[in-house]
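Here the structure is laid out as structure tokens; the discussion comes afterwards.
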Amino acid sequence: MDHLDELESKSIYIIREAYKQFHNIAMLWSIGKDSSTLLWLCRKAFFGKIPFPIVHIDTSYKFKKMIEWRDEYAKKWKLNLIVGRNEEAIKAGMGPKSKLACCTALKTDALKQTIDKYKFKALLLGIRRDEHGIRAKERVFSPRNQEFKWDYKNQPPELWDQYKSKQSDEEHIRVHPLLHWTEVDIWEYIKREKIPIVDLYFAKNGKRYRSIGCECCCSPINSDADNIDKMIHELKTTNTSERAGRAQDKESAYMMQKLRSLGYM
Amino acid sequence: MNIVIVGHVDHGKSTLIGRLLYDTRSLPPDKFEEVKNTCKSLGKDMEFGFILDHLQEEREQGITIDTCQIFFKTPKRNYVIIDAPGHVEFIKNMITGASQAEAAILIIDAKEGVKEQTKRHAYILGMLGLKQIIVLINKMDLVDYKEKRFNEVKDNLIKFLQNLKLKPSYIVPIIAKDGDNIAKRSDKMDWYKGKTFLECLDGFEVMKKNYEKALRFPIQDVYKIDGNRIFAGRVESGTIKNGDEITILPTNTKTKVKSVEKFLKNSTKAGAGESIGITTEDQLFIERGNVISHPNNLPKVTDKIKANVFWMSKKDFNINEMITLKLATQEVSAKIEKIEKKINSATLEEIKQDKNTLKNNEVGTMIIKTLSPIVVDDFNYVPELGRFVFEKDMITSAGGIITK
């Protein structure tokens, strides 16, 4: 087994564990590279037949290409796709003028509404420890209370792949099968497995996106990396961080922490 | 390679990690700027420790609350550093961190020497079975870079570690905040002729998978796909292939492997570490928790085990009280029949009174009885089947290593 095999096997173990323990679960798919990798791993874990829904939280500000991509592969892979939108806030004109309010309404609240509606006991998310300082604190199975709060000061111990297997009615669990992957691991795995990925990541006219989300809050980086090999080379030699182009991380040092303790992915 | 860094509070763990990230250029400049600006806004000088203590609250209190993982690399390989909190209240986080490590760094303040948590952490490393250990004697500047003080701390520590049957691979004098003997050799301690810290780290071996050992394949779940029953799980040791004769425990039934299943791959075999599925020749009742082995080398099936248990819940636990025991994918009701010996993990002194109760941070050797039989191995042979956790009130409350 090489490095990527080990990462893959651990992730599959976690995905299967989450389904076995909580059954009524869903996977969050943002159409980005990480959750697309997670989706691929879910297909592997269940031999092509994912037994739970795939949820996309649509803020209405996503790149058009992402939505087309989502619908194409949902059909191809016979996914049970659920699109969650906070229609009320979208109609009321919520937009990125205030980033904290916008992310909270269109992402966090939309997700809360979706979980309420389908009564999901646990959610699979493609976050990684190396993404952002606060994410390094996460457990693989991470409980949230009814208000979605993350009690990071009082997390359960996690030993030897024994994850939290029981929960109270008020709790729901965030499961993080990619926690141990790095950004370069993700791209090397996408390359090896030939995972289809939306082309916003690849350079056009000297620009590419390193991290994608809402069109209005993502800025491209200067890059000539128009294929995966060039991208991996670029990542191995760069020294700016992955989310440097993401507005929500910049607003203040603690915005990500605030968002996360409010229930943001 | 996963490494854990442990030691007494304020002996310099976070500073060491900040320094490592900086010296190996594993830290993007914008992150460094972010930390620098935050320190400035708090009216403090840049401290390397703040890179890890990324949470606001930790910055204010100045201690690491949770375990935290950071990636860094040397020209030789990639590392995941697990920073574990030294503070007594956060011991469960330290164990969470250390349980994932292949090697450990124990850091000690040269001036203060071996302290309470140095002892407790060393004890836990021993209990978790960690063998590759580097000891760093930090803050050598505070003792005027003296070899004599280094040797005092070193001798004292070695004596203590001998009791725990631990032998450090290296002992290095360092100054984490200045980077002496971390990536580059110190020009203030000529008397030290050994390797720098990074050279020591690169000398360690990556844990090998147990391909050579007996097959242990615990069943995680059963899926019905296209009319086939697929038994899914991870091979914990050994190898399995099409046509193998297999024994299912604890039911003690036998069949043959019809196929080894991996999605989008044509494969007839799998080895330790792989998450796979299998189908069998005969339609047998196989469920989660069953362990598949080859008939010529079976694990033990028992309802009584002797184990070292580390209790890490604020709620006390009494003997004969029911609790859930989780071992690999097995889950059974169990109780502690007898606590043979109990130790205070801080002082490592034996506790003679109150032998019917386990309290937070106590370690005990005990006899455990399970309500139904479980499949186990010697911890030193297949660790995955020689260790377990106790779950109480929906959270993990203890970790245990089977000794018999």
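Letters go in sequence order (proteins before strands), and every chain restarts at 1. Just so you know, these numbers come straight off a predicted model, no measurement behind them.
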Report summary line: So NZ of A/Lys20 and OH of B/Tyr223: to nearest 0.5 Å the spacing works out to 8.5 Å
Query - Region of B/Glu261 that comes under 4.5 Å of a non-hydrogen atom in chain A - result: both
Query - Gap between atom CG of B/Leu327 and atom CH2 of A/Trp160 - 0.5 Å precision - result: 9.5 Å
Report summary line: So, the part of B/Glu274 with a heavy atom under 4.5 Å from chain A: the answer is both
Query raised in the report: Could you give the distance from CD (A/Gln21) to CD (B/Glu331), rounded to the nearest 0.5 Å?
Result: 6.5 Å
Requested in this report: Give a yes or no answer on whether the side chain of B/Thr396 reaches the backbone of A/Glu158 with a donor-acceptor pair at less than 3.5 Å.
Outcome: no
Report task. Look at atom NZ of A/Lys78 and say whether more than 12 heavy atoms of other residues, nucleotides or ligands are closer to it than 6.0 Å. Result -> no
Requested in this report: Please answer whether the main-chain N or O of A/Ile12 pairs with a side-chain N or O of B/Ser275 as donor and acceptor at a distance below 3.5 Å.
Outcome: no
Query raised in the report: Based on non-hydrogen pairs under 4.5 Å, which of B/Ile276, B/Thr329, B/Asp393 is most in contact with chain A?
Result: B/Ile276
Requested in this report: With a 4.5 angstrom heavy-atom cut-off, could you sort out which part of A/Phe46 is near chain B: side chain, backbone, both or neither?
Outcome: both
Report task. State whether the number of non-hydrogen atoms from other residues, nucleotides or ligands found under 6.0 Å of B/Lys269 atom NZ is greater than 12. Result -> no
Report task. Evaluate the side chain to side chain contact (heavy atoms under 4.5 Å, CB included) criterion for residues A/Tyr163 and B/Lys326: first the C-alpha distance (whole Å), next the side-chain angles of each, then the deciding distance (0.1 Å), finally the verdict. Result -> CA-CA 10 Å; A/Tyr163 306 111; B/Lys326 291 163 73 177; 5.9 Å; no
Query - Pairing of A/Arg16 and B/Asp221 as salt bridge, 4.0 angstrom limit - result: no
Query raised in the report: Rounded to the nearest 0.5 Å, how far apart are CZ of B/Phe310 and CG of A/Leu159?
Result: 10.5 Å
**Report entry** Test side chain to side chain contact (heavy atoms under 4.5 Å, CB included) applied to B/Asn228 and A/Phe47, step by step
**Finding:** CA-CA 11 Å; B/Asn228 287 317; A/Phe47 305 97; over 6 Å; no
Report task. Measure the spacing between CD of B/Glu236 and CG of A/Asp161 and express it to the nearest 0.5 Å. Result -> 7.5 Å
Query raised in the report: What is the minimum heavy-atom distance between B/Ala328 and A/Gln162, and which atoms define it?
Result: O-NE2, 2.9 Å
Report task. Report, as yes or no, whether the 6.0 Å neighbourhood of atom NZ on B/Lys76 holds more than 12 heavy atoms from other residues, nucleotides or ligands. Result -> yes
Report task. Give a yes or no on this: more than 12 heavy atoms of other residues, nucleotides or ligands lie within 6.0 Å of atom NZ of A/Lys191. Result -> no
Query raised in the report: Is B/Arg288 salt-bridged to A/Glu17, cutoff N-O under 4.0 Å?
Result: yes
Query - Atom group of A/Lys49 that falls short of 4.5 Å from chain B, counting heavy atoms - result: side chain
Query - B/Thr324, part contacting chain A, at a heavy-atom distance under 4.5 Å - result: side chain
